[in-house]
There are 2 protein chains.
Amino acid sequence: MPMTSRPTSRDVAREAGVSQSTVSLVLGGKWSGRVSPATVAAVHDAAERLGYRPNRAARSLRLGSTRTVLLVVPTLTAPFFGAVHDGAARVAARHGFGIVAYPWPETAGPADSPFAAPDEAIDGILASSLAEDAMSGFAGTPVVMLDSDPSAAAPTVVFGVEDGMRAIVTHLTGLGHRRFGHVASSIDQWTFHARGRALADAVAAVPGASLAREDGALDVAAAKDAAGRLLDRPERPTALVCDDDVMSAGAYKAARARGLEIPRDLSVTGFDDVLLATALEPELTTVRLPAGELGAAGMTALLELLEGGHPASRSLPGELVVRGSTGPVPVE
Amino acid sequence: MPMTSRPTSRDVAREAGVSQSTVSLVLGGKWSGRVSPATVAAVHDAAERLGYRPNRAARSLRLGSTRTVLLVVPTLTAPFFGAVHDGAARVAARHGFGIVAYPWPETAGPADSPFAAPDEAIDGILASSLAEDAMSGFAGTPVVMLDSDPSAAAPTVVFGVEDGMRAIVTHLTGLGHRRFGHVASSIDQWTFHARGRALADAVAAVPGASLAREDGALDVAAAKDAAGRLLDRPERPTALVCDDDVMSAGAYKAARARGLEIPRDLSVTGFDDVLLATALEPELTTVRLPAGELGAAGMTALLELLEGGHPASRSLPGELVVRGSTGPVPVE
DNA sequence: CTGTTAGCGCATTCAA
DNA sequence: TTGAATGCGCTAACAG
């Protein structure tokens, strides 16, 4: 008797010799004191035997929820956001939720189909590294912001970038550095503003320390230029603090182009600790940002929000990882 | 009159003064010669006014299809797979499909919820860089394999890795190289087997050329070891062909550790052309693999498959990108 | 040309 | 303790 299509709860009911509604009760876990243990066992048995899986569409229709959340990120091509997704997906799967990633605004644009955007059929949104107002148009949908301005109305999970920057400055100061250069990202995101502010504050707290800053796009070539401008200043910095590991790669290049050896002549730090950090030579001193945990914590908060709770905003600590790119300040 | 919840097709019908089924016909685009143009306009108008969006769950339930495909990848943390996702999502969005990424087997494992895996509620599968038999358990679901053994039963989109390897060997041979070392990935995937075979064949076709091979995991440290073993051989290779850009980073380190300068003393090539390639110093000569196009082409094929077609397997050409890591063979 | 009707599979009343 | 009946919003036969 070939079962051509997936078994339904009615099939399970027939197999167990009970009614469909009983199956629903049992499998929904709401049978306490309403269905006899024997029946419960029979139902579970039948479901198992048939390999029954509830139909999500029907469930959604009935319940009005889809058990799907939208993960809005600038792109997945950057390993950072991939890790965020993986972390969120791990938590989501444990709760029967699926995650639809939405590279935004890249994917945007008119669709050929009238049933286009995934902005239907979702229960909530996880938005990473975006301004909160980018989420208008999704008004009314529960949202958790990741690595975004924690002063926003929505619950937020961020990295403790300020602590990270302070740790870098402490580390560098301990090595004797006083002239700092900031290779800064020109991207208009909270996380970079926070890094810049924290660095400026930390340096200002060190007697006799100075800070110069150059901005550039978040890619190797632009960072090389920005770092080069810093290194060509009359008062050359002895330490370059970069907003991101990728920018550190550019700083390396600028240094080499000027015959400066790292870390003998110049110390360089990064931020993120992605793959790149250990691929560079020398390996990069950087602040590890647990991207996977960010996604996981964000998903956890969103689940709480969906259940009517009020998740507190959280901050995940970064960790300074000291490698070979930082050393004692060169003797003049 | 506050519209508390989303408008349904019945609301649109009422607003337009027609029946609900007419709305369905019109919005479904199947009204040619069945509904008067005036009515059509009225319906569109009403839908627009109300901001109507069809309920996906109801659609799915009725149609039996979900307009969702599962993208199964080893991880999204590698930029390569992120790009595949972005490419697939772009095409999918244009056709009203959503993509849920499934990092596998990482996500696997028992779920707390009985409604766990996303292996329900999907129309098809895009599986990247996995063995075909990993997709058992999804039997009966249309599947397109990406960057996987094209001799499989399922339609496949692969990279022309063989051509890429040949291009590398031609390039290197033209520079005078004859002693090749292969820094090979020990990962058991079609794409790496193909690379190894193509390299061996290409070298064998060059009179007087030799090839040594060392395997390692796909990370910087392992690649450094493997490359080191190659460089420590009595007959040291003058060119190291790496299975992946990441492994090239390891090769760079092995070379530097031995005082070898790239490309003066040693030429190195990669494969993929991810971010890393231009972050290294000198920049890496490598074969660019269009990961985004792979995802897009795969999604296109899957769409065709879902419509009952028989998409042909395709091969996407890689492109040799010559940068600074390769140079003339050193004079002995 | 348009409306009526019948489910898709499920969770949930309400009766028995 | 269980079953029968209902409807979530939609599409597609089938009537009219």
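In this text, all values refer to a predicted model and were calculated from it rather than measured experimentally.
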Keeping to residues at least two apart or across chains, list the salt bridge (Lys or Arg N to Asp or Glu O under 4.0 Å) pairs with something in residues 39-48 of chain A.
-> A:Asp45-A:Arg49
Pairs where residues 23-44 of chain A contributes a residue and the test salt bridge (Lys or Arg N to Asp or Glu O under 4.0 Å) is met, not counting sequence neighbours = none
Apply side-chain hydrogen bond (donor to acceptor under 3.5 Å, both in side chains) to B:Thr22 and list each qualifying residue two or more places apart in sequence or on a separate chain.
-> B:Ser19
State which residues pass side-chain hydrogen bond (donor to acceptor under 3.5 Å, both in side chains) with B:Thr191; sequence neighbours excluded, sorted by chain then number.
-> B:Asp147, B:Arg195
Picking from C:dG3, D:dC10, C:dC10, the nucleotide nearest the side-chain atoms of B:Arg59 would be D:dC10
Can you tell which of D:dC10, C:dT2, D:dG3 lies closest to the side chain of A:Val18?
-> D:dG3
Check every strand shown and say whether A:Thr39 touches a base, only sugar-phosphate, or nothing at a heavy-atom separation below 4.0 Å.
-> sugar-phosphate
Give one of base, sugar-phosphate or nothing for A:Val23, where a contact means two heavy atoms less than 4.0 Å apart.
-> nothing
What side-chain donor-acceptor pairs closer than 3.5 Å can you find for residues 296-309 of chain B, not counting sequence neighbours?
unit_1   : atom_1 : unit_2   : atom_2 : d
B:Thr300 : OG1    : B:Ala296 : O      : 2.8

State whether a side-chain donor-acceptor pair under 3.5 Å links A:Asp86 with B:Thr75.
-> yes
Restricting to nitrogen or oxygen on both sides, can you table the protein-nucleotides 12-16 of chain C pairs closer than 3.5 Å?
unit_1 : atom_1 : unit_2  : atom_2 : d
C:dT12 : O4'    : A:Arg62 : NH1    : 3.3

Those residues at least two apart in sequence (or on a different chain) that pass side-chain contact (heavy atoms from CB on, under 4.5 Å) with B:Ser315 are B:Val158
Quick one: list whatever passes side-chain contact (heavy atoms from CB on, under 4.5 Å) with B:Ser60, sequence neighbours left out.
-> A:Ala57, B:Thr66
May I have the distance from [X] (atom [atom1]) to [N] (atom [atom2]), rounded to whole angstrom?
X: A:Leu27; N: C:dG9; atom1: CG; atom2: C1'; result: 13 Å
X: B:Leu61; N: D:dG7; atom1: CG; atom2: P; result: 16 Å
X: B:Arg10; N: C:dT5; atom1: CZ; atom2: P; result: 13 Å

Could you tell me, to 10°, how much the axis swings from one end of the helix from C:dC1-D:dG16 to C:dA16-D:dT1 to the other, five pairs per end?
-> 50°
